[in-house]
Amino acid sequence: MVAALTPLRTPSHSWFPPLQVAEKPSIALSIASALSGGRMSTRKGSTDVHEFDGMFQGSYANFKVTSAIGHVLSVDFPPAYQNWEGTDPMDLFEAPVLRSECNQRLSDTPAEPVKLPNPNVIECTGIPENEAGRRIFRARFSSVTEKDILSAMDNLVLPNKDEALSVDARQEIDLKVGVAFTRFQTRYFQGKYGNLDSRVISYGPCQTPTLGFCVQRYQQITTFKPEKFWSLKTYIIKDGDEIQLEWDRKKLFDFDVTVMFQKMVASDGTLKIADVSVKEECKTRPSGLNTVNMLKVASSALGIGPQTAMHLAERLYTQGFISYPRTESTAYPASFDFRSALAVLVHNPLWSNDVRTLLDAGFVKPRQGHDAGDHPPITPMRSATEEGLGTDAWRLYQYICQHFIGTVSPDCRYTRTAIEFTSGGETFHCVGYQVTHKGFTSIMPWLAVSENSLPAFKKGDSVSIHKVDIYEGSTTPPDYLSESELISLMEKNGIGTDASIPVHINNICERELRKKVSTDTTGTTLIRGYQCIDADLCLPDIRSFIEQQITLIAKGKADHLQVIQHVIQQFMKKYSYFVKKIENMDALFEAQFSPLADSGRLLSKCGKCGRYMKYISTQPMRLYCITCEDVYYLPQNGSIKLYKEIICPLDGFELLLFSMVGPDAKSFPLCPFCYTNPPFEGIDKLFGALKIDDTGKVGKGAGMPCSLCPHPTCKQSMITQGVCACPECSGTLILDPVSAPKCTGDKVLQLNSPFDLIASGCLKALHSPTEDGRLKIRFEFKENEQSTTQTNLVNPNE
DNA sequence: GCAAGGTC
C-alpha cells in the first residue's frame, strides 16, 4: 500500500545519494525517523527533506527522504472542450485528456527541479530513463513501523507500472463520465426550469450512489404502510414486584387469533417454569479506531459532521495530540508500545483511575482488528485539556482517549439469566442481566450492559398469572438515514475512501440535494429519474464496476488502453440511452419545478424576435426568450440591469450592465448574445478574454463583454473605448462607462476586463491629462490588506 | 460551472 521510491545512481565515476520519495509528508517523516534512528536533519520546504547518513546496499550513503503531497497529476480536458456551449457532452468520452501537476514540486532532487509525475514520481526525479546507473526501487511495507520499513528496505522491489496505469485509468473514466452527464443534465434542466436554484446538477459515480442511499431510505419512509399488530403481555407478582413477561410469538397481525391465545392462557391461570438458564456472557472490547469509525461516532454521538470531524482531527494531529487520523486499519502493529501510550494519559483526572489500574494491574492487548497496511489506528499521543483545545476538539479528543483506553481494557462480563414459562400451550420468558466485570464499559459508559435483576425462580415451580393483556401496536417506518448509517453503507459498497467520504457527503448537502426535511427535493427527483431510465446510474454497482475493471490493469491482467476503451464504451451507451429517455426524468421535474416562461421578470429585448426576455435571477443567472426558447447565460455573482437601452449593432440584442459585488465593484456592459457567443473568431486568443493561469489552465466562465469587443464603430467596443496598454498585464485600459469621477478632471478607467482587474489586484485606475498631452494614470493596488499606488505617464494613442 | 481522490 505505502511505497517509497529509491532512485539511485551508482556509476563508477559519479555517485549520487539515494533519494526516497514517499507518498505524503507524514510517511517521509516516519521513514526517515526509522532509518536514521531519529538522527536526521530536516530542511523545510514545500515538502520537507530529511537527511541522514546510513548504509544502503552495503555502502555508506547520505540519504535524502522527501515526499509528494497526495496525487502528483490531475487530469482535465483540453481548452477546446471547456466551453459548455460549443461542446457536445457525448464528444467528451472520446476527447483527449491533459495531465498536469496537481499542487506540488519535489523540493530536492538530484538533477533538475521536478517537471512531471508512480512512474509519475519517477519522472519527477528528473533522472532520464536511460541514464546509466539509474536504479529505481519501490519499498513496500504493510504498516508504517520501524520494523516493517527496515524489512522493506532489505526487500526492495521494482516499481509497478501497472498500478500507476490503473490510477490514471480511474481518473480518466471518472472525469469523462462525471463531466459528460453533469453538463448534459445541468444544461437540459436549467434550460427548462426557472426555480431549480442550483449552479449545477451534478452526476458522479460516487456522489450519485451516495445520494441514492439517502433517497432509497426516504422512499422507504414515504411509501411505508403501517400495519396493526397485537401481542400478549402477561404479568406475574413475585416477591411483591410485578414482572412483565415477553411472549415468544412476539406479535401477530391477526386480532382474533391473538384473542384466542389470550383466552387459552387466561383459562389456564398459572405459568409453569419450564426452564431456568444462567450463562456467563461477554461484550468484547473495541479494536483500534480507524477514520471511518471515528467519523461515525463523531456524527452519531457527538453531533459533529464528517467534514468538521476531519478538520478537528487534523488539527489534533498537527498539534501532536493524536496519531495520524487518516487510516483504514483497526489492528495495531505487533511492536506497538501500549504501556507508553497509556502512561501519557495517566494525569487526566477524567480517566486517571482507569489508566492507573490498567498500568498497575496489567492491561490487555486490543482485539485483533483489520490490518489495511497503512497507519496504525488513531491513538492519543499527548495529554490535553479542554481549555487548550476548545470544546469540539476536546470532545473528539476525549472520545479518542476513551476508545483507546477501552481497547486495552478487559472485556465486559455479565451473567444472563433467562426464565422460560408455559401456560395454555404458549411460551413466555423474561431475561435478567447482572454485570460481573465492567471491563472497558467503565471508560465507555455508553456501551454498558444495562442491569436488571430477577427474583429467584426454580424449574418446575408454578406462579399464578396476575393479568394477561392484549397490546395493540402498529409497525413504524425506519428513520431517515443517519450520517453514521450512510458512512457504513458507503464503506460497505466501496464508495469513496476514508479521505473522500466526508467530501461526497458534503457535496450532496451543499448542493441541496439531500435535505432532512420530509419534502421532495431536486435530489429525490433526480434519483427517481435515474430509477425510471436506467437504475444502474444511481446504484453502487456503478462504482464497483469501475473499480473491478481498473483492478485488472493493476494486476497486469489487461491492457490499460483496452480497459479504458471498454469502460468508456459502456458509459457512452448508457449516456446516449439516458439522453434519449431524458423526457421520462423530465416528467418528474415538470411536476415539481416552474417553467422558465413563468419565472423571473421581463428584461432586455431579444435580437431575434424583438420581444422582451425573462431574467432568471436564481443561480445561475440567465435570460430566457419565451418565443425563441433560447437561454443566454450571464456573468455570475453580481447584479444585472438594462444599459441605457442601447442595442448591439451585431445582433440587435439590448445591452445589459453587469456589476460585481463589493465596495470597489466594477461594472461592465455586455450583449446577452455576444457574451456567450463571441461574434469574432479567435476572440479569446486575440484579447485574452480567457485567462490563462500559472498552470496553463484556461479559466472558465469568462465570456465576451463589450469591453473586449473589437467592433470598429460601436461606442461600447474596446476599439472606441480603449485608452492605452495596461502597464500591469497584456490588456488594454478602457474608459469605465459608469464610474463617476471623484476628482475633477479625473476619469476612472478599468482594465480590459474585470477578470484582469481582479487577477492583477488592481482596484482603481484614475487618469488625468497632463500639459504635454500625455495621460497621468494612477493605479491603486491592494495586497495583504495594504493599499499601494503607482503612477504611470502614457501617450494615449500608443 | 463539471468527477474523484490525494493532501495541505
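Treat the numbers as computed from the prediction; the structure is a model and nothing was measured. Only this structure's heavy atoms are used, side chains among them; waters, hydrogens and symmetry mates stay out.
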- Answer with yes or no whether E314(A) presents, from its side chain, a donor or acceptor under 3.5 Å of a partner atom in the base of dC8(B). no
- Query: With a 4.0 Å cut-off on heavy atoms, is T186(A) in touch with a base, just the backbone sugar-phosphate, or nothing at all?
  - Reply: base
- Item | Carboxylate-amine/guanidinium proximity below 4.0 Å for R326(A) and D498(A) | no
- Task: Could you tell me whether R543(A) contacts a base, only the sugar-phosphate backbone, or nothing, with contacts defined as non-hydrogen atoms closer than 4.0 Å?
- Result: sugar-phosphate
- Note on the structure: In whole angstroms, the gap separating P of dC8(B) from NZ of K44(A) amounts to 13 Å
- Would you mind telling me which of dG1(B), dT7(B), dG5(B) lies closest to the side-chain atoms of A499(A)? dT7(B)
- Query: Counting side-chain heavy atoms from C-beta on, which of dG1(B), dA4(B), dG5(B) comes nearest to S500(A)?
  - Reply: dG5(B)
- Output yes when at least one side-chain N/O atom of H504(A) is less than 4.0 Å from OP1 or OP2 of dG5(B), else no. yes
- Query: Among all residues two or more places apart in sequence or in another chain, which pass the salt bridge (Lys or Arg N to Asp or Glu O under 4.0 Å) test with D88(A)?
  - Reply: none
- salt bridge (Lys or Arg N to Asp or Glu O under 4.0 Å) with D174(A): which residues, sequence neighbours excluded? R543(A)
- Message: Once rounded to the nearest 0.5 Å, what's the spacing between atom CG of N83(A) and atom CZ of F77(A)?
- Response: 13.5 Å
- Item | Backbone N/O of L656(A) and side chain of S604(A): donor-acceptor pair under 3.5 Å | no
- Using a cut-off of less than 4.0 Å, is there contact between a side-chain N or O of T182(A) and OP1 or OP2 of dC2(B)? no
- Do we see Y203(A) stacking on the base of dA3(B), given a limit of 5.5 Å between centres and 30° between planes? no
- Task: Quick one: label V177(A) by what it contacts on the DNA or RNA (base, sugar-phosphate, nothing), any heavy atom closer than 4.0 Å.
- Result: nothing
- Task: State whether Q207(A) places a side-chain N or O below 4.0 Å from either non-bridging phosphate oxygen (OP1 or OP2) of dA4(B).
- Result: yes
- Task: Would you mind classifying the nucleic acid contact of P205(A) as base, sugar-phosphate or nothing, using non-hydrogen atoms under 4.0 angstrom?
- Result: sugar-phosphate
- Query: Checking all strands, does F181(A) fall into the base, sugar-phosphate, or nothing category for heavy-atom contacts under 4.0 angstrom?
  - Reply: nothing
- Task: State whether S202(A) places a side-chain N or O below 4.0 Å from either non-bridging phosphate oxygen (OP1 or OP2) of dA3(B).
- Result: yes
- Can you sort out which residues in residues 318-326 of chain A have a heavy atom within less than 4.0 Å of DNA chain B? Ascending by number, please. Y324(A), R326(A)
- Under-3.5 Å donor-acceptor pair between Q190(A) side chain and dG1(B) base: yes
- Task: Answer yes when K192(A) and E629(A) have at least one side-chain N-carboxylate O distance shorter than 4.0 Å, and no when they do not.
- Result: no
- Can you name the nearest heavy-atom pair linking Y193(A) to L596(A), along with the distance? O-CD2, 3.4 Å
- Item | Rounded distance (Å) that lies between atom C1' of dG5(B) and atom CD of E172(A) | 16 Å
- Query: Across the strands shown, which category fits Q171(A) at heavy-atom distances under 4.0 angstrom: base, sugar-phosphate, nothing?
  - Reply: base
